[in-house]
Amino acid sequence: MTSPESPYTAIYAVVNRIPPGRVCTYGRVAALAGLPGHARMVGYALHALLNGSEVPWWRVINRAGRISNVYAADEQRARLQAEGVEVSEEYLIDLDRFLWEGDASE
């Protein structure tokens, strides 16, 4: 269990704000959580989620617009496609169309 001061708690709060049909990068999630430069920590936090978690981990991708989750790439693609995000066979997402930056345009 994480404490209220945990960086993972801040990361999960940001990921919970990503709207359906949009994606955000690991680095942007880290910055919005007050952890600039800690994109890798975002990956660790998402990997640490228990099965059945309601945190929409599948909405976080790498800065190149690619699904980089080696453990559940097909599941992540399916979940994103179910929300209307177009994902190529190479696991690429068009960031110009689907990127959420966490600003006032939410």
Side-chain angles (χ1 to χ4, degrees):
M1 184 169 178
T2 58
S3 70
E5 301 81 30
S6 166
Y8 283 21
T9 301
I11 290 166
Y12 298 149
V14 171
V15 174
N16 277 321
R17 290 176 40 215
I18 304 170
R22 303 293 294 278
V23 296
C24 193
T25 65
Y26 292 98
R28 184 69 182 149
V29 169
L32 291 169
L35 303 161
H38 287 87
R40 194 167 292 198
M41 183 185 294
V42 173
Y44 295 147
L46 297 179
H47 183 72
L49 289 171
L50 298 174
N51 287 338
S53 170
E54 296 191 18
V55 176
W57 58 268
W58 58 91
R59 296 180 187 148
V60 183
I61 61 173
N62 72 22
R63 67 182 176 194
R66 183 182 304 274
I67 292 172
S68 57
N69 179 341
V70 298
Y71 303 102
D74 290 331
E75 179 183 356
Q76 187 171 3
R77 177 171 45 197
R79 285 177 180 245
L80 287 171
Q81 288 174 328
E83 293 182 350
V85 176
E86 294 174 13
V87 183
S88 76
E89 290 298 316
E90 294 79 28
Y91 299 97
L92 284 169
I93 293 124
D94 182 350
L95 293 179
D96 290 334
R97 289 185 59 200
F98 298 105
L99 181 65
W100 175 81
E101 296 189 52
D103 55 22
S105 68
E106 292 180 54

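Reckoned from all heavy atoms, side chains included, excluding hydrogens, waters and symmetry mates.
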[X]: side chain to side chain contact (heavy atoms under 4.5 Å, CB included) partners, not counting sequence neighbours:
X     : value
Asn62 : Tyr26, Ala64, Arg66, Ser68
Ala73 : Ile67, Tyr91
Ala72 : Trp57, Asn69, Glu75
Pro20 : Arg59, Glu83

Main-chain N/O of Ala39 paired to Arg28 side chain as donor or acceptor, under 3.5 Å:
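It does not hold such a pair.
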Can you tell me how far CD1 of Ile11 sits from OG of Ser6, rounded to the nearest 0.5 angstrom?
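Answer rounded to 0.5 Å: 7.5 Å.
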Measuring from Ile93:CD1 to Arg77:CZ, what's the distance to the nearest 0.5 Å?
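That separation rounds to 9.5 Å.
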Taking all atoms of both residues into account, what is the closest heavy-atom pair of [X] and [Y], and its distance?
X     : Y      : result
Leu35 : Pro7   : CD1-CB, 3.8 Å
Val29 : Cys24  : CG2-SG, 3.8 Å
Gly21 : Phe98  : O-CD2, 3.5 Å
Tyr8  : Met41  : CE1-CG, 3.9 Å
Arg22 : Trp100 : NH2-CA, 3.6 Å

Leu92, Ile61: one ILVMFWY side-chain cluster at the under-4.5 Å cut-off?
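No: no chain of side-chain contacts under 4.5 Å links Leu92 to Ile61.
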Who are the side-chain hydrogen bond (donor to acceptor under 3.5 Å, both in side chains) partners of Glu86, not counting sequence neighbours?
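Listed in chain order: Arg97.
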Hey, does Val55 have a side-chain heavy atom less than 4.5 Å from the side chain of Asn16?
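A side-chain contact under 4.5 Å exists here.
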Side-chain heavy-atom pair Val42, Thr25 within 4.5 angstrom cut-off
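Not in contact.
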Among residues two or more places apart or on two chains, list those pairs meeting side chain to side chain donor-acceptor pair (under 3.5 Å) that have a residue in residues 42-54.
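Found none.
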